[in-house]
Amino acid sequence: MGKRVALVLAGCGVFDGSEIHEASAALVHLSRGGAEVKIFAPNIEQRDVVNHLKGSPAEEKRNVLVESARLARGNIQDLAELKASEFDAVIFPGGFGVAKNLCSWAVDGKNCTVNEHVSSTLQAFHSAKKPIGLCCISPVLAAKVFPGCEVTVGQDTNVDGRFPDAETASAIAELGCKHICKNVNESHVDEANKIITTCAFMCKAPLHEIFDGIGTMVQEVLRLA
């Protein structure tokens, strides 16, 4: 029997939702690992909508659950319905939607607030000692909800111009958490908290390296599940 894993999305599209390649990579690796996956997203309005062709704001409103259904091929549930008791692990892909819709990091940084259903989901899995996988910007959720935990968002300096958002590591440290520097094809395992993180598109890297890094995260999640 495969592990039961919940995947939590934040919309559809890197600039205002979940990063599509990260979500797909997680799903491919979970499938390869024999996991049974169910997908969830909060039933809330997006903070904003971005025209991904122009990279500029669009004057319209969209719903996070409805947009996430695009990635889930329609097979998705409201995050409010997720019960940690029914799963062995949970994974959060990245994308600006995490920092805009699942929390307010995009606006408030380390002073952000986390969506109530996202926070309760994280706390439920943590309390049950079930693994939590996070990639790209998603580790800030753990940093905010679990002070003292260990996560990675890649490097804490902009090495060779590949880590333009390296200041995120400093903000994580200011929250009382330990940032662990890792390359894009690696993940970090906080064994004590069962939190597994990888930087994904926080690094400017070829897609296959990001795919491989997410694979190490998924592998560790399934190992600990």
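The residues of the chain are indexed from 1 along the displayed sequence.
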Main chain of Asp88, side chain of Lys3: is a donor-acceptor contact present, judged purely on distance under 3.5 Å?
no
Do you see a donor-acceptor pair shorter than 3.5 Å between the side chains of Thr216 and Ser187?
yes
As a quick check of understanding, evaluate side-chain contact (heavy atoms from CB on, under 4.5 Å) for Lys194 and Lys130, giving each step before the final call.
CA-CA 7 Å; Lys194 289 193 173 183; Lys130 295 179 177 181; over 6 Å; no
Salt-bridge present (Glu81, Lys38; N to O < 4.0 Å):
no
Please list, chain by chain and in numerical order, all residues satisfying side-chain hydrogen bond (donor to acceptor under 3.5 Å, both in side chains) with Ser68, sequence neighbours excluded.
none
For the pair Glu36 and Arg4, find out whether any cationic side-chain nitrogen is under 4.0 Å from an anionic carboxylate oxygen.
no
Hey, are the side chains of Leu7 and Leu27 touching, using non-hydrogen atoms and a 4.5 Å cut-off?
yes
Does the side chain of Asn193 pick up a donor-acceptor pair with the side chain of Asp190 at under 3.5 Å?
yes
Under the rule for ring pair (Phe, Tyr, Trp, His ring centres under 6.0 Å), what residues qualify as partners of His21, not counting sequence neighbours?
none
Beyond-backbone contact of Trp105 with Ile137, side-chain heavy atoms, under 4.5 angstrom:
yes
Whether Asp78 side chain and Leu65 backbone form a donor-acceptor pair below 3.5 Å
no
N-O pairing of Arg62 and Glu60 below 4.0 Å
yes
Would you call the rings of Phe40 and Phe87 parallel, tilted or perpendicular if under 30° counts as parallel and over 60° as perpendicular?
perpendicular
Nearest-0.5 Å distance, CD of residue Glu67 to CZ of residue Arg70:
4.5 Å
Checking Asn158 now: which residues fulfil side-chain hydrogen bond (donor to acceptor under 3.5 Å, both in side chains) with it, not counting sequence neighbours?
none
To check you understand the geometry: which heavy-atom pair defines the closest contact between Gly97 and Ala10, and what is its length?
C-CB, 3.5 Å
Indicate yes or no for a side-chain donor-acceptor contact from Asn115 to the backbone of His117 under 3.5 Å, with no hydrogens or angles considered.
yes
Roughly how far, to the nearest 0.5 Å, is CD of Glu174 from CG of Asn111?
9.0 Å
Could you tell me if Asn43 and Asn63 have a donor-acceptor pair between their side chains, going purely by distance under 3.5 Å?
yes
Note, Val98 side chain near Phe92 side chain (heavy atom, < 4.5 Å)
no
What residue pairs, at least two apart or across chains, pass ring pair (Phe, Tyr, Trp, His ring centres under 6.0 Å) with a residue in residues 158-190?
none
Are any non-hydrogen side-chain atoms of Asp165 and Val153 less than 4.5 angstrom apart?
no
Do Phe146 and Leu141 touch side chain to side chain, with heavy atoms closer than 4.5 Å?
no
So, Ser127 side chain and Ala124 main chain: donor-acceptor pair closer than 3.5 Å or not?
no
Non-neighbouring partners of Phe125 that pass ring pair (Phe, Tyr, Trp, His ring centres under 6.0 Å), sequence neighbours left out
none
So, does His52 use its side chain to make a donor-acceptor pair with the main chain of Phe15 at under 3.5 Å?
yes
Membership question, hydrophobic clusters at under 4.5 Å side-chain separation (ILVMFWY): are Ile214 and Val90 in the same one?
no
Tell me, please, which residues at least two apart from Glu191 pass side-chain hydrogen bond (donor to acceptor under 3.5 Å, both in side chains).
Arg223
Short question: side chain of Ser18, backbone of Cys12 - any donor-acceptor pair under 3.5 Å?
no
Cys103 side chain reached by Thr113 side chain, heavy atoms, under 4.5 Å:
no
Atom CD of residue position Gln77 - does it have more than 12 heavy atoms of other residues, nucleotides or ligands inside 6.0 Å?
yes
Measure from the side-chain N and O atoms of His29 to the backbone N and O of Phe211, and report whether any donor-acceptor pair falls under 3.5 Å.
yes
Minimum heavy-atom distance between Thr152 and Pro139, given as atom pair plus value
O-CG, 3.5 Å
Please report the shortest heavy-atom distance between Val64 and Gly11, naming the atom on each side.
CG1-N, 3.7 Å
Taking all atoms of both residues into account, what is the closest heavy-atom pair of Glu22 and Pro93, and its distance?
OE1-C, 4.0 Å
Counting C-beta onward and ignoring hydrogens, is there a side-chain heavy-atom pair between Lys204 and Pro164 closer than 4.5 Å?
yes
What are the two closest non-hydrogen atoms of Gln155 and Asn183, and how far apart are they?
NE2-OD1, 3.6 Å
What I'd like to find out is whether the side chain of Lys182 reaches to under 4.5 Å of the side chain of Thr198, using heavy atoms alone.
no
If you apply the rule side-chain contact (heavy atoms from CB on, under 4.5 Å), what do you find for Glu150 with Ile195, and how did you get there?
CA-CA 8 Å; Glu150 297 178 357; Ile195 296 172; over 6 Å; no
Is there a donor-acceptor pair closer than 3.5 Å between any side-chain N or O of Lys110 and the backbone N or O of Ser170?
no
When you check the gap from the basic side-chain N to the acidic O, do Asp16 and Arg47 get nearer than 4.0 Å?
no
